[in-house]
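Okay, so here's the structure we're looking at.
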Amino acid sequence: MKHNYKSIGRCLRTLGVLIGMMFMPMTSAWAEDAPAPATEAAAPATEAAPAPEVAAAPAGPQPLEERLQLCAGCHNPDGNSIIPENPKLSGLDAKYLLRQLKDFKSGDRTNDIMSGIIGMVDESEFKDLAAYFNEQKRSEGVTEKPELAAQGKQIFDEGIIGSAVPACSGCHNEDGSGTNKYPRLNGQNPVYVANQLKNFKSGARKNDPKAVMQTVAKRMNDAEIEAVAEYIVTLKEAQ
Amino acid sequence: MMKTLLSICVALLLPLQAVAADAYVPKVYGKKGYVWDEMTPERVEVLRLGGDPVKGKEAFRGCRGCHKADAAGVREGVYPRLSGQHTSVLIKQITEIRAGIRLNPKMLPFVEDPAIALEEIGDIAVYLNQVESLRENGKGPEDMSAKGKKLYFANKCDTCHGKNGEGDAAKAFPVLAAQHYGYLMREMKLIETGARGNSHPDMVKAIAKFSQTDREAVADYLSRLPDYRTLAK
């Protein structure tokens, strides 16, 4: 069923609603498509914050340790996700994390899974979650395609002059460690990285504030995207 | 008054944000009837604000992917060397590229608002004027500097670009010394044909009678000149 929804593409958010509903019928209104009623319905849900009836996923803000159990299922307790599609959150800039969470909540960034999950999390929890994952140490990764990674290194360090792709290292740093303006990439799961680049390219992800990543990705073909993703996973933060 | 000017600039730039979001479909470039050194409102505002090199270094991060961390560009000259260029020239070029007057589709999305804010232009320009490039610039395939030097002075290029290719900061005439050969060759062609969009009319005249080998000789001569800042010391 999940797979069917994915292939339809336009129903991405609907799946989010479904996942949300499975855990908590009331806040699922957050993710609904019609904007006006959604906000109306959401307001009383958060205000009332009724005593939790469903022990597994009570409404309203949760203490950090309990909320982390939800995230850990997909992103690992230390934020170093081992599921290829799920990003490592460890060591990402806290402001970057905060903005992504807000964008998932507002619908500025969508993903069939995360959009549903975020409906369960109260906005007041975002800051602590961001701070927690920011403090975790990014784990190292390995590539299963070293030859591809070697091609990717060229793109990462030098860009592609013919199609005016700027070197990724220019913004994200040579070691991929990033800054407060450009997110950390080192050791990131290659499937996730390639997905993001394809989403930036197609415009499915367009919450990058200056649209620079969309511009970069639009100049790349799929082979180049796969190659650079394989190199990124091998990057280790310089000491 | 200046506040109003700024808000006008910002208002003018707002529609560009939408363009940037859809990205890489360049608009129509070049401005017919370009008057040399005509001040765009944005340029007036950038000059008024001045710049801070520390902030400029940070803002330049978004440019390093092409122009490189030391602003040396690439030897083949696809990306020019920016280090040591006059602040006034950098501001003129950047604001005119943003305004669509100078053609540069490769770079535009990265320098357009909001990728770079108006306030950051002066910062970047001041920083670039001071930065030292570590890598050498690209030279011509063979040393033609004797011929190039003759042509350079015989055609009065030095009246604007200086005896040492150091340009003129006050008049916004660019530094040419130690620039990449490939870039100099391309720009002379673009200026001659008008494809660059923002050239000095006298420069267009001066370059019009140059043959291909003349251009090669002058570009080679200029590429072999030392960074003018090393002469002042």
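By the 4.5 Å heavy-atom criterion applied to side chains, A/Arg219 and B/Pro109 are counted as neighbours. Using a 4.5 Å heavy-atom cutoff, the side chains of A/Ile161 and B/Glu76 are in contact.
Note that CZ of B/Arg64 and CG of A/Asn173 are 6.0 Å apart. Values are rounded to the nearest 0.5 Å. Once rounded to the nearest 0.5 Å, the distance linking OG1 of A/Thr215 with CD of B/Glu112 reads 8.5 Å. We find the NE2-CZ distance between A/His172 and B/Arg61 to be 10.5 Å, quoted to the nearest 0.5 Å.
With a 4.5 angstrom heavy-atom cutoff, B/Ala69 does not touch chain A via any of its atoms. When heavy atoms are compared at a cutoff of 4.5 Å, B/Tyr79 approaches chain A solely by way of its side chain, counted from C-beta outward. With a 4.5 Å cut-off on non-hydrogen atoms, A/Asp157 touches chain B through its backbone but not through its side chain.
B/Gln130 CD: more than 12 foreign heavy atoms inside a 6.0 Å radius. Within a 6.0 Å radius of NZ in A/Lys236, more than 12 heavy atoms belonging to other residues, nucleotides or ligands are found. The number of heavy atoms from other shown groups lying within 6.0 Å of NZ (A/Lys145) does not exceed 12. Around the NZ atom of B/Lys139, the shell of radius 6.0 Å holds more than 12 heavy atoms that belong to other residues, nucleotides or ligands. At most 12 non-hydrogen atoms from other residues, nucleotides or ligands lie less than 6.0 angstrom from NZ of A/Lys102. For B/Gln212, the CD atom counts as densely surrounded, since its 6.0 Å shell holds more than 12 non-hydrogen atoms of other residues, nucleotides or ligands.
Here the closest non-hydrogen pair linking A/Cys171 and B/Gly62 is SG-CA, 3.7 Å. A pairwise comparison of heavy atoms in B/Cys66 and A/Pro166 identifies SG-CB, 3.7 Å as the closest pair.
Of the listed residues (A/Gly170, A/Pro209, A/Ala167), the greatest number of heavy-atom pairs within a distance under 4.5 Å of chain B belongs to A/Gly170.
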